[in-house]
Amino acid sequence: FMERMVRWLTRDPSVNPAQIHLPEEARQIGQEMEVRISVQENPANPKGAVSFSVLNPEGVKIESSLRPGGKPGEYIGSFLPDKEGTYKLKVETLVGNLEESLIIAVPGEDLDGAPDFERLKWIAASTGGKLLSKGDDLLKEIAALAEKKQNRFLEEKLLPLWGMPYSLLIILALLAPEWYFRRRWGLI
């Protein structure tokens, strides 16, 4: 029991009825991605009782395919990523489910060092900030921000239960008689 529990806690791959083997090469948008899926076949999980699905970064299920691999219990799942982000791969069998994440990024060769103003506008709008262009007056914006400043600050102070002496004394005062009576009655 303990061995199985430790294997489960350490996420030993041999405990799962299915395993997803992600590709080691670079993953790019527009290239078909293939992942190997190994399934332990047993009477509770007959051959062919495997389904494969892929969710794009927005959580929408995209088209994917599953075909048998070269060995028994091995399958190859494939899909076509259309945008960058984290794709969730789900394998479902009769005896269990498995979910893995796969990150698809834009190749770095095409990127330049210039700022992306559309992304900066989106970040400023989503965080309540402002995007200043070359012609805007920075000092005027700083002065407007200084006028709106708040004069009060909220400070949050967390004290652990053991950090307060009175609570520690109350807890000890309750535990000491319990220990005394258990020892006297022979329960320890």
Side-chain angles (χ1 to χ4, degrees), residues 6 8-13 16 18-37 51-66 76-92 96-174:
V6 169
W8 178 77
L9 287 173
T10 58
R11 296 190 69 179
D12 186 9
N16 292 333
Q19 296 176 13
I20 300 176
H21 305 281
L22 300 175
E24 294 180 8
E25 69 271 357
R27 305 160 188 112
Q28 296 180 358
I29 298 172
Q31 289 181 340
E32 185 175 11
M33 296 300 306
E34 289 188 349
V35 294
R36 285 186 315 113
I37 301 166
S51 68
F52 175 68
S53 59
V54 180
L55 300 176
N56 70 4
E58 296 166 351
V60 178
K61 188 174 182 178
I62 63 172
E63 184 178 341
S64 60
S65 64
L66 183 68
I76 297 176
S78 62
F79 68 99
L80 184 66
D82 56 350
K83 57 182 76 169
E84 68 177 313
T86 304
Y87 286 77
K88 296 213 182 281
L89 312 173
K90 292 185 179 182
V91 175
E92 297 176 359
N97 301 331
L98 180 65
E99 186 173 308
E100 285 285 336
S101 297
L102 180 68
I103 298 175
I104 306 292
V106 176
E109 298 169 0
D110 300 344
L111 299 177
D112 58 356
D116 183 6
F117 286 106
E118 293 302 317
R119 184 169 289 224
L120 290 174
K121 284 181 188 175
W122 177 80
I123 292 171
S126 65
T127 59
K130 278 190 173 181
L131 177 67
L132 299 177
S133 62
K134 205 174 200 180
D136 293 338
D137 188 15
L138 178 63
L139 294 176
K140 187 171 93 175
E141 291 297 327
I142 292 173
L145 183 64
E147 290 176 8
K148 290 195 289 186
K149 75 173 185 174
Q150 295 181 356
N151 290 333
R152 71 184 164 127
F153 297 96
L154 296 176
E155 181 179 347
E156 186 175 328
K157 187 174 180 182
L158 300 174
L159 287 175
L161 187 61
W162 302 108
M164 296 182 281
Y166 294 115
S167 64
L168 181 61
L169 288 174
I170 290 172
I171 291 172
L172 287 176
L174 292 172

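Bear in mind that the values here come from a model prediction, so they are computed numbers and not experimental data.
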Begin with the C-alpha distance, continue with both residues' side-chain angles, and end with the deciding distance and a verdict on side-chain contact (heavy atoms from CB on, under 4.5 Å) for Ile29 and Ile104. CA-CA 7 Å; Ile29 298 172; Ile104 306 292; 3.9 Å; yes
Which atom pairs, one a donor and one an acceptor, fall under 3.5 Å between side chains of residues 121-131 and the rest of the protein, sequence neighbours left out?
from: Ser126; atom 1: OG; to: Trp122; atom 2: O; distance (Å): 3.1
from: Ser126; atom 1: OG; to: Ile123; atom 2: O; distance (Å): 3.1
from: Thr127; atom 1: OG1; to: Ile123; atom 2: O; distance (Å): 2.8
from: Lys130; atom 1: NZ; to: Glu141; atom 2: OE1; distance (Å): 3.2

Compare every heavy atom of Ser78 with every heavy atom of Phe52, then report the nearest pair and how far apart it is. CE2-N, 3.8 Å
Within-4.5 Å side-chain heavy-atom neighbours: Thr86 and Leu102: no
Of all heavy-atom pairs between Pro81 and Gln31, which one has the smallest distance, and what is that distance? CD-O, 3.1 Å
Rounded to the nearest 0.5 Å, what separates atom OH in Tyr87 from atom CD1 in Ile103? 12.0 Å
Which value, rounded to the nearest 0.5 Å, describes the distance between Leu168 atom CG and Ile171 atom CD1? 6.5 Å
CD of Glu32: more than 12 outside heavy atoms within 6.0 angstrom? yes
Leu159 and Met164: which non-hydrogen atoms are nearest, and at how many Å? CD1-CG, 4.4 Å
Mind checking the CG-CZ spacing from Leu22 to Arg36? Nearest 0.5 Å is all I need. 10.5 Å
At their closest point, which heavy atom of Glu84 faces which heavy atom of Pro57, and how far apart are they? O-CG, 3.5 Å
Atom OG of Ser133 and atom CG of Asp136: how far apart are they, to the nearest 0.5 Å? 3.5 Å
SB check Glu58 Lys83 (cutoff 4.0 Å): yes
Given Ile37, which of Leu89, Val91, Leu98 fulfils the side-chain contact (heavy atoms from CB on, under 4.5 Å) condition? Val91
Starting at CG of Leu80, measure out to CD1 of Ile62 and round the result to the nearest 0.5 Å. 7.5 Å
Shortest non-hydrogen separation from Val54 to Ser64 and the atoms involved: CG2-CB, 3.8 Å
Any chance you could measure Ile142, atom CD1, to Glu147, atom CD, to the nearest 0.5 Å? 12.5 Å
